[in-house]
Amino acid sequence: MSCRTRFAPSPTGFLHIGGARTALYCWLEARRRGGTFILRIEDTDRERSTQESVQAILDGMQWLDLAHDEGPYYQAQRFDRYAEVAHELVRAGKAYFAYETREELDAMRERQMAQNLKPRYDGHWRTRQGDPPPDRPRVIRFANPVDGVVAWNDMVKGRIEISNQELDDLIIWRSDEHPTYNFAVVVDDVDMRITDVIRGDDHVNNTPRQINIYAALGATQPVFAHLPMIHGPDGAKLSKRHGAISVMQYRDDGYLPHALLNYIARLGWSHGDQELFSREQMISLFRIGDVNRSASRFDFDKLAWVNQHYLKTDSPESLAPHLEWQLRAAGIDPASGPAAADVIVALRDRVKTLKEMAARARVWFEPLTVYDEQAVAKHFAGRAGEALHAVRAQLHALAAGDWQPASIDSAIKAAATAIGEGVGKVAQPLRVAMTGTAVSPSIEHTVYLAGQSEALRRIDQALAKLA
RNA sequence: GUCCCCAUCGUCUAGAGGCCUAGGACACCUCCCUUUCACGGAGGCGACCGGGGUUCGAAUCCCCGUGGGGACGCCA
């Protein structure tokens, strides 16, 4: 039987880091085994589910380029099916109607907690015959086995065993005629012939209940793999407090989708000492069984390093659309300055993110109006005027077709020779003339990106300031 | 409280009884390169949670502590 995995988020927020990694692992496992990756939206809770969240999840998946082969399926559209199965279970004596009010259940829980017991439904209506009381909510509860143990061999955690005495008769059908999570998941996973259930380990406790439902349904249970959590840098659950929590926030912050995927893949999984993986490598090397058992912390520094790696090694052409997006986001018209690919070549060794790159590129897209005082004081001094005049002459003499970093570099060196100074004495004043600051990419790129006429104009502007 | 899970440098991890004087990566520090800032190169700092076993031998296996996380809903 070919592998079928599913990513099943509930649309109560955006796609976050933990969800993204779960989706990635599901996708990777299906891809490697030539299987099918299914997207299912778990929206049985209509109070908290929103259309915006569905869209946010879809957007996140698309940005990460984790395409599903089937779906998205929506649980909200399958209520008839859940009702059918729930009533079948009642008819088969594997589930029963119960009539407690919420207040009664709360009281029962409190009583048990007070006695240091694990709160469990007492099974009152499981055996009781007779007429159902009037005016009371009616739910369907699953008749969980009363003894024995439930065990499974988890692909990441190993063997896990739990006694049925720890479990109680969970509600599978609510009084408002909606299914509950633990029930809908099993019906879906059975109907969709899911072979590998890969999900966060906050679901470990649900698994034995679900396994019992599989058994009651007479269905073969899938293989389970419970992924450890991803925590924030402080070890606590990853949350808004840690900054970027939505996957889309990483796009806004200037990270490449593949860099995020690469970083996230290595959180909880490894292949020897390898740090960098192309999509193809991830697909061929990833094994769900190689995933770590313990939780990990999200490290922004390392993500930044991975991101810069791809900024440095991906082709400028493939990176260009990403930078253009970022420029627009910063209110800069990409058409009003140098080609994005040229900007990338000049800046990629100097920034960690595309957002930083866009910010530093601004100087070539807008008129130069602001000068750093310290830079001016330091570099527009001594023989700076002579240097600027000399380099202006050299740059002015360049034919338009020669306006390239290499020939600009020669021009600057020639200017330095002409006035009998080191290259630095020309380059630094020129840098301040070009950017208003003493920090920029290599001087020939800095000049090149300005374009010949704008470069000459900025030198004149600097000369005027000197006078 | 009860149950479940986890435990190697600050962080991500390698490690499936001898290959471990515990390897790699990020971060940090030093030096080199250098017309700025970076990139790059060479070094450095830095860990097997504790205690008992098992074994000729344990980071690796077992037990007990301790610490961390999760679950105990008519949420998912």
Side-chain angles (χ1 to χ4, degrees), chain A residues 8-12 42-45 47-49 75 98 100-102 105-106 109 112-120 137-141 154 157-158 160-163 165-168 170-182 184-185 199-208 226 228-229 231 233 235-237 263 266-276 292-306 308 312 347-351 360 375 379 409 412-413 416 422-432 435 437-444 446:
Chain A
S10 62
T12 53
E42 311 229 313
D43 52 357
T44 49
D45 184 350
E47 316 251 289
R48 298 198 302 155
S49 299
Q75 291 190 322
E100 283 82 6
T101 64
R102 286 171 200 259
L105 292 173
D106 288 345
R109 231 187 320 275
Q112 291 164 325
M113 290 284 254
Q115 293 171 60
N116 286 343
L117 294 171
K118 187 174 189 169
R120 296 169 71 236
R138 188 189 77 168
V139 301
I140 298 178
R141 283 184 182 270
D154 197 277
K157 303 273 182 185
I160 299 179
E161 185 180 299
I162 191 167
S163 165
Q165 291 177 10
E166 293 297 330
L167 275 22
D168 66 356
L170 75 157
I171 291 173
I172 60 176
W173 195 257
R174 314 183 343 185
S175 58
D176 64 357
E177 303 301 318
H178 285 268
T180 59
Y181 166 78
N182 275 304
V185 176
R199 63 191 7 167
D201 71 5
D202 45 339
H203 286 292
V204 168
N205 296 277
N206 290 324
T207 304
H226 288 96
M229 312 251 80
H231 294 138
K237 203 166 183 171
Y263 173 70
R266 278 283 288 102
L267 228 42
W269 171 77
S270 61
H271 182 258
D273 288 338
Q274 190 170 345
E275 299 286 351
L276 277 353
N292 273 193
R293 273 184 289 266
S294 55
S296 49
R297 299 185 187 201
F298 196 92
D299 180 3
F300 288 91
D301 285 336
K302 188 139 184 186
L303 200 219
W305 174 79
V306 175
Q308 189 184 29
K312 286 187 301 192
L347 283 168
R348 58 163 146 203
D349 287 340
R350 288 153 233 275
V351 298
R360 293 186 54 172
H379 300 293
D409 183 51
I412 292 166
K413 283 175 177 146
V423 182
K425 289 293 182 190
V426 176
Q428 283 306 87
L430 184 55
R431 192 185 305 281
V432 179
T435 67
T437 75
V439 175
S440 83
S442 67
I443 189 62
E444 66 272 22
T446 301

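Labels below follow one simple rule: chain letters A, B, ... track the order of the sequence lines, proteins then strands, and each chain is numbered from 1.
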**OP:** Report yes or no: is there a donor-acceptor pair, N or O only, under 3.5 Å between the side chain of A/Asn206 and the base of B/rA76?
**Re:** yes

Original post:
Between A/Thr437 and B/rC37, is there a side-chain N or O to OP1/OP2 distance below 4.0 Å?
Top reply: no

Original post:
Contact class for A/Gly422 vs. all strands (heavy atom < 4.0 Å): base, sugar-phosphate, or nothing?
Top reply: nothing

Subject >> Nearest-Å distance once atom C1' is located in both B/rG50 and B/rA59 >> reply: 14 Å

**OP:** For B/rC63 and B/rC26, measure between their P atoms and round to the nearest Å.
**Re:** 38 Å

Original post:
Under 4.0 angstrom, heavy atoms only, what part of the nucleic acid is A/Pro441 near: base, sugar-phosphate, or nothing?
Top reply: base

Subject >> Interatomic distance at C1', B/rC61 relative to B/rG70, whole Å >> reply: 26 Å

Subject >> Separation of atom CD1 in A/Ile162 from atom C1' in B/rU2, rounded to whole Å >> reply: 11 Å

**OP:** Check the side chains of A/Thr207 and A/Arg199 for a donor-acceptor pair under 3.5 angstrom, ignoring hydrogens and angles.
**Re:** yes

**OP:** Please tell me which of A/Ala295 and A/Lys302 maps to the more 5' nucleotide of RNA chain B, matching each residue to the nucleotide holding its nearest heavy atom.
**Re:** A/Ala295

Original post:
Closer than 4.0 Å, any side-chain N/O of A/Arg102 to the OP1 or OP2 of B/rG73?
Top reply: no

Original post:
Is there a donor on the side chain of A/Gln115 or the base of B/rG1 sitting less than 3.5 Å from an acceptor on the other?
Top reply: no

Subject >> Complement of B/rC26, any strand, by Watson-Crick or G-U distances under 3.5 angstrom >> reply: B/rG10

Subject >> N/O donor-acceptor pair, side chain A/Arg293 with base B/rC6, under 3.5 angstrom >> reply: no

**OP:** Inspect the contact between A/Asp409 and A/Lys413 and indicate whether a charged nitrogen and a carboxylate oxygen are less than 4.0 angstrom apart.
**Re:** yes

**OP:** Please tell me which of A/Glu444 and A/Val139 maps to the more 5' nucleotide of RNA chain B, matching each residue to the nucleotide holding its nearest heavy atom.
**Re:** A/Glu444

Original post:
Among B/rG1, B/rC26, B/rC12, which is the nearest nucleotide to the side chain of A/Asp301?
Top reply: B/rC26

Original post:
Quick one: is A/Ser270 getting a side-chain N or O under 4.0 Å of the B/rA14 phosphate, OP1 or OP2?
Top reply: yes

Original post:
With no angle test and no hydrogens, is the base of B/rC74 tied to the side chain of A/Ser175 by a donor-acceptor pair under 3.5 Å?
Top reply: yes

**OP:** Give A/Lys425 one of three labels, base, sugar-phosphate or nothing, depending on what nucleic acid heavy atoms sit under 4.0 Å from its own.
**Re:** nothing

Original post:
Does A/Asp273 make a side-chain donor-acceptor contact with the base of B/rG23, cut-off 3.5 Å?
Top reply: yes

**OP:** Mind checking A/Asn205 for me? I need base, sugar-phosphate or nothing, with any heavy atom below 4.0 Å counting as a touch.
**Re:** base

**OP:** Using a 4.0 Å heavy-atom cut-off across all strands, classify A/His379 as base, sugar-phosphate, or nothing.
**Re:** nothing

Original post:
Rounded to the Å, how far apart are A/Gln428 CD and B/rU34 C1'?
Top reply: 11 Å

**OP:** Indicate, yes or no, whether a donor-acceptor pair under 3.5 Å links the base of B/rU35 to the side chain of A/Arg431.
**Re:** yes

Subject >> Gap in Å between the two C1' atoms, one belonging to B/rA22 and one to B/rA47, rounded >> reply: 9 Å

Original post:
Paired with B/rC49: which nucleotide, if any, by Watson-Crick or G-U wobble criteria at under 3.5 Å for both distances?
Top reply: B/rG65

